[in-house]
Amino acid sequence: MTDDVVNLYRDLALGGVGLIITGDFSCVPRDMLDWHRSLGTLCAYDDVRIVGFGRLVDAVHRAAPGCKIVAQISGEYPGVGPSDVGSPFTKNSIVPLSTGQVKTVIHCFAQCIAGVERDGFDGVQLHAAHGSLLSRFLSPYTNRRDDQYGGAVKNRARIMAAIVAAARKLVGAYPILVKMNCTDHMEGGIDEADFVELAKELESAGVDAIEISGGMKDCLGRTEAELGFRPVPDPWSRTRITRPEQQSYYLAQAERLDLRIPVILVGGNRDVERLEEIVQRRKVDFIAMCRPLLREPDLPNRWRAGRGSSEAECTSCNSCIYDMRVGVEKGEPALVRCVLKADKREARRAQRWLASWVKRRVDASSGSRQSFSNP
């Protein structure tokens, strides 16, 4: 937890954001599932806690006492999932989790939720979108199980309900949010009808708000004509958002929900006048953004003061994603930033990298288009 990271969150708080949701981290320790199978060991929050994580809470609350900060957690664990459904982006098969291992994952999430509460965060968000472990349980494309965690919508949502129930015993009414897909952009995946039922199941499980997103990496094997948008990483962060109808691209799905809990809309939110109209329709309660706030951390204050354009300066070029991915590939993760604003030459390099990413990754893993179809 470097000073640069802390300062980024402080700037967001000072810029007028009402709620910050952190980037996600895995609550399942490395080798945890192997330990459980052989020794029956259970994890503690200290096994996964980021050193200095609580500094973000202090920085945000000191900078803007009215701003809240929520810790986002996922259950990433390389090579495992609900079912062995391969991806063209990896040569390795997926090892299906046993029932006992699923219960270990549930335990890890509950312990982590209690841990971030102790760290002072104002809430927690379960990352169940974008092909994360929880997302793969929710999706019928990646979840082919025939036990209590697979099949019908209620079964696929069972792991989420169990996590919330276990956490409530530890944290009571502490806010638990969920980020979920309204579509996987995959044949046989979560679709508009499936998504509404899933959202209702999560509401019944006791979550306090649902953030609506979409896509998983596997969908990038489909063409632009099939997807309706350019297949570059990451599919939930679309590029070429130039016309009003291309903005807020999960709005139609979000407005299909009729829930008693707040709905948060993310994805291509760019024009404050359009966003005000969306909120006034009372189908969406909160608007979420990422890339525009990397370009303009003070965007909410600028809009509130009526300065400049109603449009965000962000061009949705995804050079920021290039910056993150290249850092990870080099083993030198970089602080997320607007590359276009910082270095236009680097931004041009980023665009070439983005344009060839899918082909390079599929070629490296000897994948094929057939890998994207249901068996």
Side-chain angles (χ1 to χ4, degrees), residues 18-19 21 24 27 68 70-75 82 102 105-106 109-110 112-114 116-117 121-140 142-143 148-184 189-216 236 248 250-267 278-279 281-288:
L19 169 66
I21 301 175
D24 71 303
C27 66
K68 306 299 183 183
V70 163
Q72 186 185 76
I73 61 174
S74 63
V102 172
V105 170
I106 293 167
F109 270 98
C112 193
I113 292 170
V116 298
E117 183 199 33
F121 285 87
D122 299 297
V124 66
Q125 185 184 66
L126 305 178
H127 192 344
H130 306 165
S132 66
L133 179 63
L134 295 181
S135 171
R136 297 178 84 81
F137 267 92
L138 292 180
S139 172
T142 48
N143 185 344
Q148 65 265 44
Y149 297 107
V153 166
K154 190 176 188 67
N155 286 352
R156 284 184 276 122
R158 190 181 301 277
I159 187 172
M160 303 286 291
I163 289 169
V164 174
R168 290 293 181 214
K169 294 178 181 178
L170 302 175
V171 299
Y174 185 63
I176 301 175
L177 291 65
V178 169
K179 186 170 189 172
M180 67 171 291
N181 279 358
C182 61
T183 173
D184 294 330
I190 292 174
D191 58 22
E192 293 188 9
D194 201 40
F195 144 71
V196 171
E197 192 175 352
L198 276 169
K200 289 180 179 179
E201 283 293 335
L202 297 183
E203 179 185 46
S204 298
V207 305
D208 295 293
I210 294 179
E211 183 179 13
I212 304 305
S213 188
M216 58 173 59
W236 44 91
S248 306
Y250 294 121
L251 174 61
Q253 292 93 329
E255 289 192 328
R256 292 191 63 215
L257 295 178
D258 183 16
L259 305 177
R260 298 182 301 277
I261 58 176
V263 173
I264 306 169
L265 176 68
V266 72
I278 288 171
V279 172
R281 294 205 293 262
R282 299 185 181 277
K283 290 290 188 178
V284 170
D285 302 281
F286 293 92
I287 299 296

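Only this structure's heavy atoms are used, side chains among them; waters, hydrogens and symmetry mates stay out. Starting from 1, each residue takes its place in the sequence as its number.
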Minimum-distance pair of heavy atoms, taken over all atoms of S139 and G189
OG-CA, 3.9 Å
Can you list everything that forms a salt bridge (charged side-chain N to carboxylate O under 4.0 Å, His left out) with D24? Sequence neighbours excluded, please.
none
Partner set under side-chain hydrogen bond (donor to acceptor under 3.5 Å, both in side chains) for E211, not counting sequence neighbours
Q125
Results of side-chain hydrogen bond (donor to acceptor under 3.5 Å, both in side chains) for R156 - residues two or more places apart only
D194
Determine whether L126 and I73 make a side-chain contact, defined as any pair of heavy atoms from C-beta on separated by less than 4.5 Å.
yes
Roughly how far apart are I113 CD1 and I176 CD1, rounded to 0.5 Å?
4.5 Å
Is the backbone of A129 close enough, under 3.5 Å, to the side chain of S132 for a donor and an acceptor to pair up by distance?
yes
Nearest-0.5 Å distance, CZ of residue F109 to CE of residue M160:
7.5 Å
side-chain contact (heavy atoms from CB on, under 4.5 Å) assessment of F286 paired with L19
CA-CA 10 Å; F286 293 92; L19 169 66; over 6 Å; no
Taking side chain as C-beta onward, heavy atoms only, is H130 less than 4.5 Å from S135?
no
Pairs in or reaching into residues 166-181: which pass side-chain hydrogen bond (donor to acceptor under 3.5 Å, both in side chains), with residues at least two apart or in two chains?
R168-D208, N181-D184
So which of V171, V116, V178, I21 actually passes side chain to side chain contact (heavy atoms under 4.5 Å, CB included) with V124?
V116
Hey, what do you get for CG (L251) to CG (L265), rounding to the nearest 0.5 Å?
6.0 Å
Report yes or no: does N143 contribute a side-chain atom to a donor-acceptor pair with the main-chain N or O of L138 at less than 3.5 Å?
no
Residues forming a side chain to side chain contact (heavy atoms under 4.5 Å, CB included) with A209, sequence neighbours excluded:
L177, P262, I264
Residues in salt bridge (charged side-chain N to carboxylate O under 4.0 Å, His left out) with R281, at least two apart?
E255
Results of side chain to side chain contact (heavy atoms under 4.5 Å, CB included) for V196 - residues two or more places apart only
K200, R256, L257
Contacts of type side-chain hydrogen bond (donor to acceptor under 3.5 Å, both in side chains), residue N155, not counting sequence neighbours:
R158
Going through the distances and angles, do I212 and V263 end up as a side-chain contact (heavy atoms from CB on, under 4.5 Å)?
CA-CA 7 Å; I212 304 305; V263 173; 3.9 Å; yes
If the condition is ring pair (Phe, Tyr, Trp, His ring centres under 6.0 Å), which residues does F195 pass it with, not counting sequence neighbours?
none
Residues passing the side-chain hydrogen bond (donor to acceptor under 3.5 Å, both in side chains) test with T142, sequence neighbours excluded, are none
With E201, which residues qualify under salt bridge (charged side-chain N to carboxylate O under 4.0 Å, His left out), at least two apart?
K154
I'd like to check the salt bridge (charged side-chain N to carboxylate O under 4.0 Å, His left out) partners of D122; sequence neighbours left out, ordered by chain and number.
none
Close side-chain approach of V164 and L202, heavy atoms under 4.5 Å:
no
Look at the rings of F137 and Y149 and say which category their plane angle falls in: under 30° parallel, 30 to 60° tilted, over 60° perpendicular.
perpendicular
Check the pair V266, Y250 against side-chain contact (heavy atoms from CB on, under 4.5 Å), reporting the backbone distance first and the verdict last.
CA-CA 7 Å; V266 72; Y250 294 121; 5.5 Å; no
Residue pair P140 / I190, side-chain heavy-atom distance below 4.5 Å
yes
Which distance, rounded to the nearest 0.5 Å, do you find between the OG of S74 and the CG of L134?
8.0 Å
Evaluate the side-chain contact (heavy atoms from CB on, under 4.5 Å) criterion for residues I106 and V102: first the C-alpha distance (whole Å), next the side-chain angles of each, then the deciding distance (0.1 Å), finally the verdict.
CA-CA 6 Å; I106 293 167; V102 172; 4.1 Å; yes
